[in-house]
Amino acid sequence: MKRTLSLILAAVMILTAALLASCSGNSAASDISGAKNLADLAGTKIAAQAGTFHADAVKQIKDVKSSTYPEFSDLLTALKSGAIDGYVAEEPTALAVCLGNESLGYLKLVNNSTGFTATDADTGIAVGLKKGSALKDQINAVLAEITTEQRAELMELMVKLSNGQEIGELPLKSETPANPEKTLKVAMECAYEPFNWTDLNTPTAGAVEIYDQNGNVRANSYANGYDIQIAKYVANKLGMKLEVYAIEWDSLLPAVQAGTVDAIIAGMSPTEERAKEIDFTNVYYSSNLVIIYKK
């Protein structure tokens with residue numbers, strides 16, 4: 001079962017978003033369920049997470065009332081409160097969100113004449129590393145072992161698991177090294193289902209412990225998701241101990257640049273702008289951009 005936010009925090013966020021919408025004279029949310037192309041979204045309120053390509057993608061919608069939110073979970077809260085009409089996400093995220101809530105749907109405005117214009121780097125997901133890291137070639141060799149079918153199956157299972165459903169055996173199989181001499185420190189938000197999320201108290205199948213920035217294990221906190229399974233597979237194949245650190249999105253690049261962590265495995269796209277600051281491996285997942293809306 002998803003446990004990314006406490007019930008108290010969620011309630012506070014929803015109330016805050018509703019009050020802000022009311023104070024700004026927000027009218028009833030627009031129905032965008034019938035939109036067939038980006039042009040149909042003119043005049044609507046579409047949001048995205050700050051600091052992501054999603055925020056850049058929103059700019060492609062002419063005459064849209066755009067906004068950004070610091071955390072991805074804030075977007076769902078804003079949508080449910082009526083503060084926005086929809087928000088941009090990858091399709092796996094939309095599948096996870098909509099599977100757990102029948103009141104939500106999403107528009108498949110893919111990279112074509114009716115949808116977003118995006119490069120393969122924009123819609124791909126890769127491992128981020130410090131410039132010149134020797135891990136790049138090593139990780140690429142491991143990622144090359146994972147088939148397209150395994151990647152698709154793993155994502156399907158993670159979507160189900162993030163919604164509390166029982167799943168079968170995971171497609172990626174590797175043995176944890178008995179006596180690892182090195183550690184692979186991996187950073188992610190642990191708040192971006194189905195790529196990564198946090199389990200509190202009871203870990204879901206395949207989850208791992210979360211470390212704080214002092215290198216201590218957080219009590220009753222576990223990370224899981226597609227990124228976690230990729231990180232586990234990479235670490236095991238390289239004969240390394242895996243340590244997962246929950247770090248806010250805006251702090252991920254600085255963390256790997258400073259050497260605080262070795263890698264970012266966080267549903268991050270290897271965009272041209274980010275590639276100027278850090279190195280990226282080959283893409284380990286590709287997806288389409290969609291817009292999640294409230295029915």
Side-chain angles (χ1 to χ4, degrees), residues 1-10 71-73 76 90 92-93 95-101 125 127 142 146 150-180 182-249 251-252 255 261-268 284-285:
M1 182 173 65
K2 295 183 290 184
R3 303 176 180 85
T4 55
L5 293 174
S6 68
L7 294 177
I8 295 177
L9 179 59
E71 302 295 335
F72 198 81
S73 56
L76 182 57
E90 277 99 4
T93 304
L95 288 169
V97 170
C98 296
L99 182 62
N101 194 324
I125 304 297
V127 179
V142 175
I146 307 174
Q150 287 175 318
R151 299 178 192 207
E153 181 183 357
L154 178 61
M155 182 58 78
E156 181 180 352
L157 292 176
M158 290 300 103
V159 168
K160 292 179 179 179
L161 187 61
S162 69
N163 279 278
Q165 297 185 14
E166 296 291 332
I167 63 171
E169 189 176 15
L170 296 175
L172 297 185
K173 301 177 179 64
S174 59
E175 293 186 8
T176 302
N179 299 297
K182 296 182 179 181
T183 299
L184 181 65
K185 296 182 178 181
V186 174
M188 62 186 70
E189 291 177 284
C190 296
Y192 184 45
E193 301 163 348
F195 290 96
N196 54 79
W197 70 81
T198 298
D199 293 326
L200 296 179
N201 299 317
T202 305
T204 48
V208 302
E209 294 176 316
I210 298 176
Y211 287 74
D212 62 27
Q213 296 191 31
N214 294 319
N216 300 314
V217 175
R218 288 186 179 180
N220 304 315
S221 295
Y222 307 88
N224 210 344
Y226 189 90
D227 293 327
I228 288 295
Q229 301 310 316
I230 293 294
K232 286 172 61 176
Y233 187 77
V234 168
N236 290 345
K237 287 290 185 176
L238 295 181
M240 304 173 74
K241 174 189 175 184
L242 175 65
E243 290 183 0
V244 172
Y245 292 77
I247 298 178
E248 294 181 355
W249 181 262
S251 298
L252 289 175
V261 296
D262 302 306
I264 300 168
I265 306 183
M268 181 173 284
Y284 64 86
Y285 192 81

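The shortest distance between side-chain heavy atoms of Glu209 and Tyr222 falls below 4.5 Å. Considering only heavy atoms from C-beta on, Glu71 comes within 4.5 Å of Glu248 through its side chain. Contact annotation: the side chain of Glu193 never approaches that of Phe72 to less than 4.5 Å [non-hydrogen atoms, C-beta and beyond]. Looking only at side-chain heavy atoms (C-beta outward), Ile265 and Val127 come within less than 4.5 Å of each other. Annotation: side chain of Lys182 is not in contact with side chain of Leu238 (no heavy-atom distance under 4.5 Å). Side-chain contact between Phe195 and Met158: absent, with no pair of heavy atoms (C-beta onward) separated by less than 4.5 Å. Taking the side chain as every heavy atom from C-beta outward, Ile146 and Ile230 approach each other to under 4.5 Å.
Residues Ser221 and Leu200 share a closest heavy-atom pair of OG-CD2, 3.8 Å. The minimum heavy-atom distance between Tyr285 and Arg151, with the atom names listed, is CE1-O, 4.1 Å. Taking both residues in full, the closest heavy atoms of Gly239 and Pro177 are given as C-CG, 3.8 Å, listed atom of the first, atom of the second, then distance. For the residue pair Ile228 and Gly206, the shortest heavy atom distance occurs at CG2-O, 4.1 Å. Among all heavy-atom pairs drawn from Gly267 and Trp249, the shortest one is O-CH2, 4.4 Å.
Taking Asn216 as the reference, Asp212, Asn214 meet the side-chain contact (heavy atoms from CB on, under 4.5 Å) condition, with sequence neighbours excluded. A search for side-chain contact (heavy atoms from CB on, under 4.5 Å) contacts involving Ala187 returns Ile247, Leu252, Val261, not counting sequence neighbours. Under the rule for a side chain to side chain donor-acceptor pair (under 3.5 Å), Asp262 has no partner lying at least two apart in sequence or in another chain. Partners of Thr183 by side-chain contact (heavy atoms from CB on, under 4.5 Å), not counting sequence neighbours, listed by chain and number: Lys185, Lys241, Glu243. Residues that satisfy the side chain to side chain donor-acceptor pair (under 3.5 Å) test with Glu156, not counting sequence neighbours, are absent from this structure. In this view, Tyr233 satisfies the ring pair (Phe, Tyr, Trp, His ring centres under 6.0 Å) rule with no residue, not counting sequence neighbours. Applying the ring pair (Phe, Tyr, Trp, His ring centres under 6.0 Å) test to Tyr284 and every residue at least two apart in sequence or in another chain returns nothing. Every residue meeting the side-chain contact (heavy atoms from CB on, under 4.5 Å) condition with Glu153, not counting sequence neighbours, appears here in chain and number order: Leu157, Pro171. Annotation: salt bridge (charged side-chain N to carboxylate O under 4.0 Å, His left out) contacts of Lys232 (sequence neighbours excluded): none. Residues forming a side chain to side chain donor-acceptor pair (under 3.5 Å) with Asn101 (at least two apart in sequence, or on another chain): Ser103.
Note that CD1 of Ile264 and CG of Asp227 are 11.0 Å apart. Values are rounded to the nearest 0.5 Å. If you take CG on Leu184 and NZ on Lys237, they are separated by 15.0 Å, rounding to the nearest 0.5 Å.
Listed by first then second residue, pairs satisfying side-chain hydrogen bond (donor to acceptor under 3.5 Å, both in side chains) with a partner in residues 165-179 read Ser174-Asn236, not counting sequence neighbours.
Side-chain atoms of Asn224 come within 3.5 Å of backbone atoms of Ala205 as a donor-acceptor pair (strictly under, hydrogens ignored). At distances below 3.5 Å, not a single donor-acceptor pair connects side-chain atoms of Asn196 with backbone N or O atoms of Gly225. Checking side-chain atoms of Asp199 against main-chain N and O of Thr204 turns up a donor-acceptor pair under 3.5 Å.
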